[in-house]
There are 2 protein chains.
Amino acid sequence: MNVTAFKRRKEFGKTLASDIAHRMRNEIVTCRLKPGEVLKFDTLRLAYGASFTTLREALTCLAAEGLVVAEEQRGFKVAPISLADLIDLTRARILIDVDLIRRSIENGDDDWEIAVISSIHRLGIIEGREVEDYADNPEWKVAHREFHESLVAACGSPTLLGIRQSLFERAERYRNISARFRPRPRDKAGEHRALMKAAVGRDADRACELIAKHIQSTTDNVIKYASELFSQN
Amino acid sequence: MNVTAFKRRKEFGKTLASDIAHRMRNEIVTCRLKPGEVLKFDTLRLAYGASFTTLREALTCLAAEGLVVAEEQRGFKVAPISLADLIDLTRARILIDVDLIRRSIENGDDDWEIAVISSIHRLGIIEGREVEDYADNPEWKVAHREFHESLVAACGSPTLLGIRQSLFERAERYRNISARFRPRPRDKAGEHRALMKAAVGRDADRACELIAKHIQSTTDNVIKYASELFSQN
DNA sequence: AGCGGTAGTATTTTCGAAAATACAGTTTGA
DNA sequence: TCAAACTGTATTTTCGAAAATACTACCGCT
């Protein structure tokens, strides 16, 4: 056995930097690292137990994803949130998701259909288990992400899929805010089922319309009930 | 005067890492660094005179832009080119540019119009100076990029503008290939003028149609005359 | 008092060595 | 002969110190 038995556990990815990026991404989207918070290396070094260089690489990755912003020679901070950013992000996501879902419906084969159905089924199981609001459940979040991914999986565009994923991550913070502030849960399960039906029924126009509304409604909810959170802008 | 008078010149950006990223970006899009080429740190260290860490940060940035690919624990290589990638990229660019030009035409004020006209004018001056093909001229490339940027500048979407810029950079390699292999120069100047007229004439439908064709035609040209370059795939 | 400059401190950025990991060539055992 | 384990080398990844840069508080001057 290796003498360096106490070396760091890497829970995600192969390198320490990608592992730390993963952990920080999590803390940012759950707002444990607050929007706009400055990220000083000394603090981070203590928190994550890694060196300057490694942290720097992780931060560079997250900056590329838009979750942190880098000001040269002046360090990094958690990307701020704002109404303008939410609206911008929402519009971008709708543009891309609508295109990808249409192409996915055109290209998707039987396996794709099966994947869509199986992922919504998994989502349903988790929703059925939880008595109260399931949107906080990390397991639900994964299944939710995977359902949406399954819808666009057959689009055939690696470039746009990568961009879509990055925008989806960026929107996670706003989804969490929406869940915390809405007066009562939306009928997300129903929306998802309708999406699934339109997809496997190969009704592209309807699927596009539904996905646009689905994405937009989270934004509308935040604007309605939580806009005072963005008073700093 | 400072004693460290011989410190490195930073021609671009404030940090050495961003400067090196800038230089490498250039070498990649001009194919001086060949598609698929493995980027070993020892070699790079010699070529760019920077340390592991600094190079690593530059490479991480470029990886986020899609110009290099990172395989964990196995280093970096220049992003390969392929017909599939070109087609994917083209479709993504058209989707985004069409949306942004439409929104820009909706939102653009007088200053925007002036900026569009002045940037095409600058392009025209450069084209008029050069007797032979101007597409190799770096000055023309800058002016060309700035003209296309001016068209979408008023769209009001920072997110999509950032994505657009990154896709534009990625397409640069293919533009260079197209310029090298096409039998005779396309009437780019005419296409650009028509785009400008549609934009300032606030004819969004026409501008969208023109920009889509404009982007597509480079791709068609590469497919027609240079597809044997991609034989590795 | 207000402004401009300056020294001292906090923080980021860069470096090259050291550790960890992958790769290639060789040997061993069936 | 072939596959699997091993060993040495090449390469990447990580570290903490050192250099460069930005920030702050103080001082002197008008």
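The chains referred to below are lettered A, B, ... by the order of the sequence lines, with proteins before strands, and numbering in each begins at 1.
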Completion exercise
note: A/Leu55, atom CG; C/dT14, atom P; distance rounded to Å ~ 16 Å

Problem - NZ or CZ of A/Arg23 within 45° of A/Tyr48 ring axis and under 6.0 Å - result: no

Exercise for the section: Report the distance from atom CG of B/Leu39 to atom P of D/dT12, rounded to the nearest whole Å. Expected result: 9 Å

Problem - Gap between atoms CD and P, on B/Glu57 and C/dT12 respectively (whole Å) - result: 13 Å

Exercise for the section: Verify the contact: side-chain N or O of A/Thr54 to OP1 or OP2 of D/dC15, cut-off strictly under 4.0 Å; return yes or no. Expected result: yes

Practice task
Give a yes or no on whether A/Asp109 atom CG has more than 12 heavy-atom contacts from other residues, nucleotides or ligands under 6.0 Å away.
Solution key: yes

Practice task
May I have the distance from A/Asp19 (atom CG) to C/dT21 (atom P), rounded to whole angstrom?
Solution key: 13 Å

What does the list of N/O pairs under 3.5 Å between the protein and nucleotides 22-24 of chain C look like, with a distance for each?
{"from": "C/dC23", "atom 1": "OP1", "to": "B/Arg74", "atom 2": "NE", "distance (Å)": "2.8"}

Handout entry: B/Lys77 NZ - D/dT11 P separation (whole Å)
Key = 16 Å

Exercise for the section: Give a yes or no answer on whether the side chain of B/Ser178 reaches the backbone of B/Tyr174 with a donor-acceptor pair at less than 3.5 Å. Expected result: no

Completion exercise
In whole angstroms, the gap separating P of C/dT12 from CZ of A/Phe41 amounts to 6 Å

Practice task
For A/Lys77, check salt bridge (charged side-chain N to carboxylate O under 4.0 Å, His left out) against everything at least two apart and list the hits.
Solution key: none

Problem - Atom-to-atom span, CD1 of B/Ile20 to C1' of C/dC15 - whole angstrom - result: 12 Å

Problem - Atom pair distance, as rounded to whole Å: CG in A/Leu16 and P in C/dA19 - result: 16 Å

Practice task
Examine A/Arg175 relative to A/Phe168 and say whether NZ or CZ is less than 6.0 Å from the centre of the six-membered ring and inside a 45° cone about the ring axis.
Solution key: yes

Exercise for the section: Count the heavy atoms belonging to other residues, nucleotides or ligands that lie under 6.0 Å from CZ of A/Arg122, then report whether that count exceeds 12. Expected result: no

Completion exercise
From the candidates D/dC15, D/dT12, C/dC15, the one with an atom nearest any side-chain atom of B/Lys40 is D/dT12

